[in-house]
Number of protein chains: 2
Amino acid sequence: MYMQGETHMALMQSADTRYRKPVLVAVNKPFDDEDGLQALRSHPLFRNLRPRDLESLIQQSRRLRLGHHQLLYRQDMPAHHFFFVISGRLRLYRLDSSGIDRTLDSIAPGDCFAEVMIYADPPRYACYAEALKSSEVLMIPVKAYRELLDQHPEYAQAALSHYAKRAVTRFHDLEIMTVQNARDRLIRYLIDLLPNGTEQGGEVELPLPKCLVASRLAMQPETFSRILADLKSNGLVRVNRSKLFISDPRRLIEISQ
Amino acid sequence: MYMQGETHMALMQSADTRYRKPVLVAVNKPFDDEDGLQALRSHPLFRNLRPRDLESLIQQSRRLRLGHHQLLYRQDMPAHHFFFVISGRLRLYRLDSSGIDRTLDSIAPGDCFAEVMIYADPPRYACYAEALKSSEVLMIPVKAYRELLDQHPEYAQAALSHYAKRAVTRFHDLEIMTVQNARDRLIRYLIDLLPNGTEQGGEVELPLPKCLVASRLAMQPETFSRILADLKSNGLVRVNRSKLFISDPRRLIEISQ
DNA sequence: CTGAGTAATTGACTTAACTCAAAGATTAGT
DNA sequence: ACTAATCTTTGAGTTAAGTCAATTACTCAG
């Protein structure tokens with residue numbers, strides 16, 4: 001885990017889209033009950049734990065406060081912890097050999113990430129994770145959760161079905177990316193953000209700044225902007241900052257052929 | 001499961017790339033020891049099972065023979081089984097609203113697929129599965145494996161780490177698809193097929209016909225063909241049908257910037 | 001509230017990738 | 001071995017999306 005005093009951060013450059021400049025000032029304090037704990041209790045990975053097991057897990061975890069653009073971990077680092085988001089928002093991304101920054105996922109409060117590390121071998125993070133704004137995460141030792149599962153094998157069921165769900169989601173994400181043109185990819189992405197699916201319209205908030213949504217969808221920010229402007233001028237979406245209102249999802253699907 | 005006599009197959013049309021025309025002639029016979037069983041025993045999901053548990057699981061499974069282009073299951077069908085490939089090769093694909101066929105994965109002998117269904121809720125296949133050539137699969141009742149896990153919770157460890165590995169793979173697949181140009185996507189895909197990674201060259205066999213690799217990589221078959229021809233003329237790969245020889249993977253990575 | 005720095009938009013131009021079409025190569029099945 | 005079907009390749013023309021550049025709009029910290 002990178003804490004205060006790390007310096008090689010400066011080496012990192014986002015070739016992606018004129019974005020970001022991580023500065024590290026991690027602060028951790030004991031995790032005291034209150035707010036964030038509530039969401040934790042209802043997460044699939046934890047809600048079936050007996051109260052004393054959950055307590056024990058929390059005892060062994062640390063609450064971590066992350067600043068805007070702060071890096072939490074790096075791709076290929078040994079992974080001893082996984083995380084639960086208490087507040088704020090994070091993104092997962094990878095850097096390839098030429099330093100291009102590829103956003104792969106965004107994480108909202110109430111979500112877990114890197115939880116796949118509980119059973120990964122070797123346990124190394126598959127991507128970078130950074131805070132998109134100031135955030136708080138619970139940093140849970142992989143070992144602690146694993147021991148819990150060893151002692152209480154009945155907990156495995158929850159973990160398995162959580163993992164299964166995650167696999168389906170990734171599979172679906174992959175499907176979007178096989179769509180060959182940028183406009184249709186964006187439309188599919190928006191539809192997937194709608195809470196009620198295709199059935200009815202609604203407001204959607206982009207989980208990432210527009211330039212990172214563009215990166216996520218393998219297009220340039222300019223292209224993203226132009227497509228959105230076009231959809232807007234055709235009355236298909238109404239845009240208000242990062243909030244989009246989609247009145248008729250079916251029509252949107254139709255025009256994507 | 002679709003067996004003999006199904007007719008609505010004809011409705012299916014591959015808009016993707018002039019491909020396919022499924023004809024259904026499923027034949028099942030009891031699974032008698034021999035060949036394929038060997039590979040099954042060494043698969044992560046089964047190798048830790050006690051012999052009698054494995055036997056019981058096999059007793060409850062059926063060996064299924066699939067013909068060329070035969071459909072095994074359809075997207076959204078209730079999923080009561082998952083599969084192990086004994087011989088042949090299959091592909092997983094989805095059809096979107098406009099009937100476009102998107103190849104998402106190919107499956108080789110010794111692999112499992114739809115195993116995520118063991119813990120999915122609701123249990124519905126997330127894609128279509130069809131044989132790319134005549135193949136044999138073991139059709140394992142989800143319920144049987146689940147019962148085994150309920151009785152022997154210590155088996156869960158293997159399943160969890162298998163699921164974790166799968167999640168990482170899909171994540172990596174997603175990364176490739178965020179690469180913005182077709183040439184670089186293809187190069188990344190080829191590198192990933194190399195058994196020894198970047199370290200040394202080697203021969204690679206495309207797991208799918210070229211037009212489906214193209215679909216998998218979100219490009220047209222013509223584009224695929226042209227890029228490959230270009231790599232060939234630059235001495236970066238040697239092509240022999242579906243076998244590619246890559247002598248210097250590093251150089252390949254370099255030209256992808 | 002204000003200003004610096006980042007993000008978003010728009011325009012003009014260029015290029016990569018798609019489309020259509022037709023010829024050649026492979027493969028599956030008889 | 002032969003035939004029919006399907007894949008693959010190549011060419012020519014078109015279009016979608018990328019690039020570069022400049023302006024405008026946000027955001028956040030002080």
Side-chain angles (χ1 to χ4, degrees), chain A residues 14-23 25 67-70 88-89 91 100-101 103 131-134 179-187 206 208-215 217-233 239-244 256-257, chain B residues 13-23 25 66-70 88-89 91 100-101 103 131-135 178-187 206 208-215 217-233 239-244 256-257:
Chain A
S14 172
D16 180 15
T17 26
R18 317 127 222 191
Y19 182 71
R20 219 161 39 86
K21 195 183 288 173
V23 185
V25 202
H68 189 62
H69 285 177
Q70 186 176 344
R89 188 170 283 274
R91 73 171 180 124
I100 305 276
D101 165 331
T103 299
L132 285 168
K133 48 181 167 179
S134 59
V179 173
Q180 290 189 27
N181 70 76
R183 163 193 277 247
D184 293 355
R185 269 193 319 272
L186 175 52
I187 289 176
L206 296 176
L208 295 164
K210 289 174 183 168
C211 65
L212 292 181
V213 174
S215 149
L217 296 175
M219 67 183 76
Q220 296 299 322
E222 292 92 334
T223 303
F224 179 95
S225 179
R226 280 187 247 267
I227 293 171
L228 208 56
D230 181 57
L231 294 178
K232 203 161 48 176
S233 79
V239 182
N240 184 312
R241 321 221 174 198
S242 71
K243 290 192 174 66
L244 312 186
S256 79
Q257 299 242 11
Chain B
Q13 266 247 4
S14 172
D16 181 14
T17 27
R18 318 125 221 193
Y19 182 72
R20 221 160 39 85
K21 194 184 290 170
V23 185
V25 202
L66 302 166
H68 189 62
H69 285 178
Q70 187 177 343
R89 188 171 283 274
R91 73 170 179 125
I100 305 277
D101 164 332
T103 298
L132 286 168
K133 48 181 167 179
S134 59
S135 306
T178 63
V179 172
Q180 291 190 24
N181 71 76
R183 162 193 278 248
D184 293 355
R185 269 192 321 270
L186 175 52
I187 290 177
L206 296 176
L208 296 162
K210 289 173 182 167
C211 66
L212 292 182
V213 174
S215 150
L217 296 175
M219 68 182 77
Q220 297 298 323
E222 292 93 333
T223 303
F224 179 95
S225 179
R226 280 187 246 267
I227 292 171
L228 207 57
D230 180 58
L231 294 178
K232 201 159 54 177
S233 78
V239 183
N240 184 314
R241 317 216 177 204
S242 71
K243 290 191 174 66
L244 311 186
S256 78
Q257 301 241 13

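Remark: A:Ser225 is not in phosphate contact with C:dA8, judged by side-chain N or O atoms under 4.0 Å from OP1 or OP2. Listed pair B:Gln180 / D:dG18 meets the phosphate criterion, a side-chain N or O lying under 4.0 Å from OP1 or OP2. At D:dT19, one or more side-chain N or O atoms of A:Gln220 fall inside 4.0 Å of OP1 or OP2 (strictly under the cut-off). An OP1 or OP2 oxygen of C:dT27 is reached within less than 4.0 angstrom by a side-chain nitrogen or oxygen of B:Arg241. Between A:Lys210 and the phosphate of C:dT9, there is a side-chain N or O to OP1/OP2 separation shorter than 4.0 Å.
Along DNA chain C, the nucleotide nearest B:Lys133 and the nucleotide nearest B:Thr223 are compared for position; the residue whose nucleotide lies closer to the 5' end is B:Thr223. Residue order along DNA chain D, read from the 5' end via each residue's closest nucleotide, puts B:Leu228 first among A:Ala182 and B:Leu228.
To the nearest angstrom, C1' of D:dT8 lies 17 Å from CG of B:Asp230. Taking atom CE on A:Met219 and atom P on C:dA16, their separation rounds to 19 Å, with Å as the unit. Taking atom CG of B:Leu231 as the reference point, atom P of D:dT9 lies 12 Å away to the nearest angstrom. Per the geometry, CG belonging to B:Asn240 stands 16 Å off C1' belonging to D:dT9, to the nearest Å. Spacing between atom CG of B:Leu212 and atom C1' of D:dC7 amounts to 10 Å, rounded to whole angstrom units. Straight-line distance from the CG atom of B:Leu244 to the P atom of D:dT8: 12 Å, rounded to whole Å. Regarding A:Ile100, its CD1 atom lies at a distance of 13 Å from the P atom of D:dG18, rounded to whole Å. C:dA17 atom C1' lies 18 Å from atom CZ of A:Arg183, rounded to whole Å.
Here B:Thr223 pairs with B:Ala182, B:Met219, B:Gln220, B:Ile227 under the side chain to side chain contact (heavy atoms under 4.5 Å, CB included) rule; sequence neighbours left out. In this structure A:Arg183 satisfies the side-chain hydrogen bond (donor to acceptor under 3.5 Å, both in side chains) test together with A:Asp230, sequence neighbours excluded.
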### Task
Assess whether side-chain contact (heavy atoms from CB on, under 4.5 Å) is satisfied between B:Leu212 and B:Leu132, documenting all intermediate values.
CA-CA 11 Å; B:Leu212 292 182; B:Leu132 286 168; 3.9 Å; yes

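Judged by distance alone, the side chain of A:Asn240 and the main-chain N or O of A:Lys243 form no donor-acceptor pair under 3.5 Å. No donor-acceptor pair under 3.5 Å is formed between the side chain of B:Arg89 and the backbone N or O of B:Ser134.
When distances run from any side-chain atom of B:Arg226 to the nucleotides C:dT10, D:dG11, C:dA16, the shortest one goes to D:dG11. Closest to the A:Glu222 side chain, of the nucleotides D:dC20, C:dA17, D:dA16, is D:dC20. You'll find that the side chain of B:Pro209 is closest to D:dC7, out of D:dT10, D:dC7, C:dA7.
In terms of heavy-atom proximity, A:Val239 sits nearest to A:Lys232 at CG2-CD, 3.6 Å.
A rotation axis mapping the C1' atoms of four pairs onto the next four is fitted at both ends of the helix from C:dC1-D:dG30 to C:dA23-D:dT8 over five pairs, and the angle between these axes is 60° to 10 degrees.
Side-chain contact between A:Thr103 and A:Leu208 is present, with at least one heavy-atom pair separated by less than 4.5 Å. The shortest side-chain heavy-atom distance between B:Leu228 and B:Leu244 falls under the 4.5 Å cut-off.
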